[in-house]
Amino acid sequence: RPTMSPSIAIPARIERPLRDLSAWLAHFRAAPIPVLDSTVDALQVLAANEDVVDAHLLAETLASDPLMTLKLLAHVGSTSRRETDVETVVGALVLLGIGPFFRCFSELTPLSQALCNAPEAADVDAGLQAVLVRSHRAARFALGFAAHRMDPDAAVIHEAALLHGFAELLLWCHAPALALELARRQQADASLRSAVAQQAVLGITLADLQQSLMRAWRLPELLIRLGDVRHAGNSQVKNVMLAVRLARHV
C-alpha cells in the first residue's frame with residue numbers, strides 16, 4: 001500500500017534575476033512545487049486508509065493548499081489526453097483515480113524543506129505566510145461574491161482566487177533573496193506598484209510568469225482566463241480580481 005513520504009530533493013535557488021521570461025519559465029517548470037507540511041502529514045494519514053478515501057474527502061484535504069492544488073492540476077494538465085478541461089480539484093481527482101493519485105504523489109517536498117537554510121529564514125517564512133493568508137482570504141471573498149451572483153462556476157472562481165498568488169509563492173520558495181528585496185522595496189515606498197517593482201528586481205512581472213506557467217502546464221482555459229487582467233471586463237474575472245484586491249487591502 002502506498003505511503004506518503006517527503007522528497008529529499010531540495011530545489012536549487014535563484015540568487016540573481018534570470019535573463020528573460022523564457023528562462024524563468026524553464027526554471028520553474030523544472031523545479032519541484034513544494035506543498036504545505038500539513039498537506040504532507042494529512043496525505044500520509046489518508047494513504048494508510050486508501051480504501052475509505054474518495055475524491056471529495058481528498059479534495060477537502062487539498063482545498064487549503066494552493067501549491068498542492070496547483071501541483072495536482074499541473075500534473076493532470078500535462079499528462080491527460082482529455083478532450084475537455086477538468087476545472088476543479090474534485091474533477092481532477094476523479095479523472096486521475098484515488099490509487100493513482102497516491103502513487104503519483106508518494107514523494108512531496110514540504111515547504112519547511114524547500115526553505116531549509118534560506119537566507120534570513122524568519123523573514124522569508126513571514127513573507128510566504130503572508131501570501132498564503134492573502135490567498136485563502138481572496139478565495140473566501142471570491143466564493144462569497146460568486147455565490148451571491150449565483151454563478152455556476154463558483155468552485156472554479158474560488159480556485160482561481162486561491163491560485164492567484166502562486167507565482168509569488170514559488171518565488172519565495174526558489175528565489176527567497178529576490179522575494180525579500182521585492183518586499184522591502186514595497187515596504188519602503190507604499191506608492192510603488194507591484195508590477196513596477198517586479199520588473200525592476202526580476203526583469204519580469206509575476207503576472208506574466210504565472211500566465212506562462214499556467215499555459216505550459218495546460219491548466220483549464222477558464223482558470224487561465226480568470227487570472228488574466230486583460231479580461232477584466234468579464235464579470236467572472238472581475239469577481240476574482242476584486243476579491244484579490246480586497247484581500248490585499250484588508
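Starting from 1, each residue takes its place in the sequence as its number. Reckoned from all heavy atoms, side chains included, excluding hydrogens, waters and symmetry mates.
- Pro176 is listed as a side-chain neighbour of Arg13, based on a closest heavy-atom distance under 4.5 Å.
- When the side chains of ILVMFWY residues are joined at heavy-atom separations under 4.5 Å, either directly or via intervening members, Trp172 and Leu213 end up in a single hydrophobic cluster.
- The shortest non-hydrogen separation linking Asp151 to Arg149 is OD2-NH1, 3.0 Å.
- Put simply, the side chain of Trp24 does not reach to within 4.5 Å of the side chain of Leu170, judged on heavy atoms.
- The two residues Trp217 and Phe28 have their closest heavy-atom pair at CZ2-O, 3.8 Å.
- Side-chain atoms of Glu50 never come within 3.5 Å of backbone atoms of Ile98 as a donor-acceptor pair (strictly under, hydrogens ignored).
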Chi angles and distances behind the side-chain contact (heavy atoms from CB on, under 4.5 Å) call for Phe105, Leu96: CA-CA 12 Å; Phe105 300 106; Leu96 189 58; 4.1 Å; yes
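- The backbone N or O of Gly144 lies less than 3.5 Å from no partner atom in the side chain of His158, so there is not a single donor-acceptor pair.
- Grouping the Ile, Leu, Val, Met, Phe, Trp and Tyr side chains by contacts below 4.5 angstrom, directly or via other members, places Val240 with Val229.
- Side chain of Asp189 to main chain of Arg185: no donor-acceptor pair is present (N/O by atom type, distance under 3.5 Å, no hydrogens or angles).
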Residues Leu36, Leu132; criterion side-chain contact (heavy atoms from CB on, under 4.5 Å); working and verdict: CA-CA 10 Å; Leu36 301 185; Leu132 284 171; 3.7 Å; yes
side-chain contact (heavy atoms from CB on, under 4.5 Å) between Val53 and Thr61, worked out: CA-CA 11 Å; Val53 176; Thr61 304; over 6 Å; no
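- Linking ILVMFWY residues whenever their side-chain heavy atoms come closer than 4.5 Å, directly or via other members, leaves Leu21 and Val196 in distinct clusters.
- Note: Ser135 OG to Leu67 CG = 8.5 Å, rounded to the nearest 0.5 Å.
- Leu72 and Leu95 fall within the same hydrophobic cluster, where Ile, Leu, Val, Met, Phe, Trp and Tyr residues are linked whenever their side-chain heavy atoms come under 4.5 Å apart, directly or through other members.
- Note that CG of Asp228 and CE of Met241 are 7.0 Å apart. Values are rounded to the nearest 0.5 Å.
- Contact check for Leu182 versus Gln198: side-chain heavy atoms found under the 4.5 Å cut-off.
- Counting heavy atoms from C-beta on, the side chains of Val76 and Leu93 never come closer than 4.5 Å.
- Residues His231 and Val237 approach most closely at O-CB, 3.3 Å, considering heavy atoms.
- In this structure, the side chains of Leu58 and Phe102 come closer than 4.5 Å at one or more pairs of heavy atoms.
- For the atom pair NE2 (His164) and CZ (Arg245), the distance works out to 9.0 Å, reported to the nearest 0.5 Å.
- Between Phe141 and Phe145, the two ring planes are parallel [angle under 30°; tilted spans 30° to 60°].
- Counting only heavy atoms from C-beta outward, the side chains of Leu108 and Lys71 approach each other to under 4.5 Å.
- Taking every heavy atom of both residues into account, Lys238 and Ala232 meet most closely at CE-O, 3.6 Å.
- Closest non-hydrogen pair, Cys173 versus Leu111, comes out as SG-CD2, 3.4 Å.
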Check against side-chain contact (heavy atoms from CB on, under 4.5 Å), Gln236 and Val156: CA-CA 10 Å; Gln236 291 183 323; Val156 189; over 6 Å; no
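- With sequence neighbours left out, the side-chain contact (heavy atoms from CB on, under 4.5 Å) criterion links Val94 to Ala55, Val90.
- Contact detail for Pro66 and Leu162: the closest heavy-atom pair is CB-O, 3.5 Å.
- Distance CG/Leu206 to OG/Ser194: 8.5 Å, rounded to 0.5 Å.
- Val133 and Val244 are not part of a single hydrophobic cluster, where members link through side-chain heavy atoms under 4.5 Å apart.
- Contact annotation: the side chain of Asp153 never approaches that of Leu226 to less than 4.5 Å [non-hydrogen atoms, C-beta and beyond].
- Between the CG atom of Leu73 and the CG atom of Leu163 there is a distance of 6.5 Å, given to the nearest 0.5 Å.
- Considering CG of Asp65 and NE2 of His136, their distance stands at 7.0 Å, rounded to 0.5 Å.
- Between Arg215 and Glu221, the closest side-chain pair of non-hydrogen atoms falls below 4.5 Å.
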